[in-house]
Every structure is written in structure tokens, then in C-alpha cells.
Amino acid sequence: MAKKEKEKKTDASEFKEQLFMKRRNTGLAMSDSDIAKADKFCEDYKKFLDTGKTEREACAEAIRLAERSGFVPFDKNAQYKAGDRVYLCNRGKSVILAVIGKKPVENGVNLVAAHIDSPRIDLKQNPLYENEGIAYFKTHYYGGIKKYQWPVTPLALHGVIYKADGSRVDVKVGEDEGDPVLVITDILPHLADEQYKRPAPKLIQGEELNILIGSRPFRDDKASETVKLNIMKILNEKYGIVESDFISAELECVPAYKAKDVGFDRSMVGAYGQDDRVCAYTALSAILAIKGAPDKTAVTVLTDKEEIGSVGATGMSSFFFENTVAKMMTSLGKDSFSATRRCLANSSMLSSDVSAGYDPLYADVYEKRSSAFLSCGLAFNKFTGSRGKSGSNDANAEYVAKVRRIMDDANVSFQFCELGKVDVGGGGTIAYIMAKYCMNVIDSGVPVLSMHAPYEVSSKADVYEAYKGYRAFLINA
Ligand code: MN
Ligand code: MN
């Protein structure tokens, strides 16, 4: 028998070739033209990062790009047909984009969802004060930060202020070449003996994250708090605000620097807020790239508040997504609660969020066989969570098999991983929130170094593979 003949000839290396899993280095597997495509893609990605440093800005930029690509605001009175491109925005902080498919929406949608909020330093509602001739903003940090990473780095202030009359002022200071920046100070090493004795999580404490904003007193020095007065006067002249307007403001301090290439080989992107705007941008680009009408309706969701538990009206736990599906069903002539439920249960989702890139400098926290390596492609997490997968979605094997096949067919480099070693820590995503609709969900994303730091690093090869993977999923799932 021919088969037996073949077995005789097969040696260990050939068996190994057939049987062992290979981790594919995307960098090696990519052709020169693919590398050029990835580099080009990341030029636009860096622009997106610089333009959208807050959830509001990222949302607005996503909508601008979508409109350029033929998407129009969803109109509940319109009748939609396959190939139509629509979007719905929620309070300027989250957006759902859809390309209507040929099959009835009841059959489910292919959904990629990422978040556009990132860890940062928010101003309190009574932020402005003066202490010993120096003016500061009081802050309350947002999301899981290592607080000691945020002092002595130039910060920009982004956000909105609503005045007592309801009018809106947009704020963005620290981004333009001529702009001043803000900063949180730290103790000099010469006097840090006591500070060094603090455990790392308390090295800088929450109430010490006060932002330095001024030191020049108002000319008339007879009054008290003249530095604060001078600052308030400047803000009044520039924005027309008074101190009480901070009450109805959302002001966010983010690193003032721009996205840059990292490494002599320019293989990586360094920037603030890549968790999770790297998945947001790739998921957005993937839906914009769809031509004509896909089989199933393709949906990209860019959501807010993931970093603080997906809560609030603009977080994934709100009914925005469900309401949007219901609205779409209505405009497609399927106005019933059960049709909406059927659509949700028949849907397939990639919960798209960054994964911890394996960092050889801190190898102790990773389990190498299940780590997401830089430049090895889109990272899938079958489960997330902590302490025995607690809080995780844990995708069905049947669904994992389907997703694998889609990635293989589209020649996408991917890897299966988890965050770190068992019981070392953990984390969650929005996956479980959507899984409650009984839809298939799996976590996928780009591996990132220094996640949640003011400066995160990703691999351009992975960014491009994520885009390819999301596009393949939206069209073929
Ligand atoms: Mn994230
Ligand atoms: Mn995060």
C-alpha cells in the first residue's frame, strides 16, 4: 500500500512538520509588499490616534471617516436595502456602523466591537485651587493606571465645558506646537527616602495627582488667591467660562505627545491610548473597506466606558446596541421584539480588545506557551477573566473552529493566548456582556506592550493583521 510506504519514509522532522503547531512570525511571513501595506496602514492609524485622544474625539473622527466612505446617519423612517451604509451615534461617545447585508437581519449580524475610551486623568468638578502661589487642578484618575507613571510627563487637556446657559465650549490645549502643556510634579530623588518606602501602588497616591497649571499672580496682589484668579481670568478670556462651569465639564488630561514609530526598524507604533483604539481603528477600517453588500449585515461598534466596567449610557452594558438592532429591524420591516432577539442570538461577534504582548523583560508574569507575541498576528483569547476564568466569556469550541477557518481562509496570522500566568492577575472585556444575548463571542485583539501606560507599543504587522482579520470576519462569518 502506498500509504505504508510513505510512513516508512517519514522521519521525526517530517512528522513534526505535520503534527506540531507552528507559531508564525508575521514579520517573516509577510512579503515586502505586505510590509509596505502595513506601514502605510499605520501612517493613517497614527493620525487617528493623534486626532482621537478621547472617546469624544475618536467617535467624531470615526464618523468623519465613515461619512467619507459613504456612511449616512441612520434614519428610522427610511427603508434600507442590502449594501446601504448607516451609522448611529450615542451622545458623541460611542458609535455603531452597519453595512446592510443580503440575508435577513434576523439571521444575525457579524459584529466587531472595540472601545474608544482609554485610561487617563480626569478633572474633578471643583478642580481649580491655589497653594503657596501655585495653581493646580484636582483630578480623579479614570481606569486602571499605575499612578506613578503619570507625573513628569507633558499632559494635554481635552474635553468639553457646558456653561450655565447650556452652550458648549470645546477644549484642547497642549497639542499644537505653540501650546503650553500641563504636568504633575514628583519629589526629587534627593528627598525621596520616605517616598521610596511606599509600596509601588502608593508611590504616587490618587490625591497627589494634582496638575500644575500656573504660577503667575494677578497684577493686583491685594486679594488672596491671585494665581488662581489669574488662571480663571485667562480661562474666562479664552472660553468665556466662570469657575462654576467646571461642574458641567468633562475635562480629560492625556499625554501631550504624538504617535511615533518605535525602533530603528520602525516596526512598531508608540502612542497613548492604543488600548483600545488600535482595535477601534482596525475594526473601523475593516467595515469601511467593505464593498457592495455582504451576505450578512456587518456591524462595527465603537463603545465607551470599557475601562471602568462598560457602565453608563454610553458603555456596552447600556441598551444602545440592542435598541439599534431593534431600530434596524423596524426599518427592514421586522418590527417585533422576538425578531430582534433572534437577530441577536444568531449573531457572531469579535470582542476586539488588546492583549498583553509578551515582554521578555518581565517574563515572570507570562506563561510563554500561551502568550501573545509581538509580530505574530491577531491575538485570540478563548477566555479572559481571573482566578479560574472568573468573569470570562469562554468561547464555544465550535465557534472557535469557525473563526479559525475564517482566519486561515483569509491568510491572516493569528495566535491563541491568555493575558498572563494563571493566578498572577487577569482582566475582562466586553465579551460577556454581548454573550448574554446568546450570541457567539470571542476575544481578539492586538498584542500591546506597556498596556495602560501613558505610552503603549504595538507592532505594525499585528495592526495590519488585525485589520485583515476583522475585515474577513465581517464579510465571511
Ligand atoms: Mn481594552
Ligand atoms: Mn484596558
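Side chains included, hydrogens not; waters and symmetry mates left out as well; all remaining heavy atoms used. Given the structure is predicted, the values throughout are model-derived calculations rather than measurements. Order of listing sets the numbers, starting from 1, for every ligand and every atom in it.
- Around the Mn ion (ligand 1), the protein contributes the following N, O or S atoms under 2.8 Å, ordered by chain and number: H115 NE2, D275 OD1, D353 OD1, D353 OD2.
- Taking each heavy atom of M451 and V354 in turn, the nearest pair found is CE-CG2, 3.7 Å.
- Under the 30°/60° scheme for interplanar angles, the aromatic rings of Y455 and Y257 are found to stand perpendicular.
- Between R64 and E57 there is no salt bridge, since none of the side-chain N atoms of the basic residue sits less than 4.0 Å from a carboxylate O of the acidic one.
- Residues Y142 and D117 have side chains that bring a donor and an acceptor to within less than 3.5 angstrom of each other.
- With salt bridges taken as basic N to acidic carboxylate O contacts below 4.0 Å, one links K258 and E175.
- Remark: R369 CZ to E367 CD distance equals 7.0 Å, nearest 0.5 Å.
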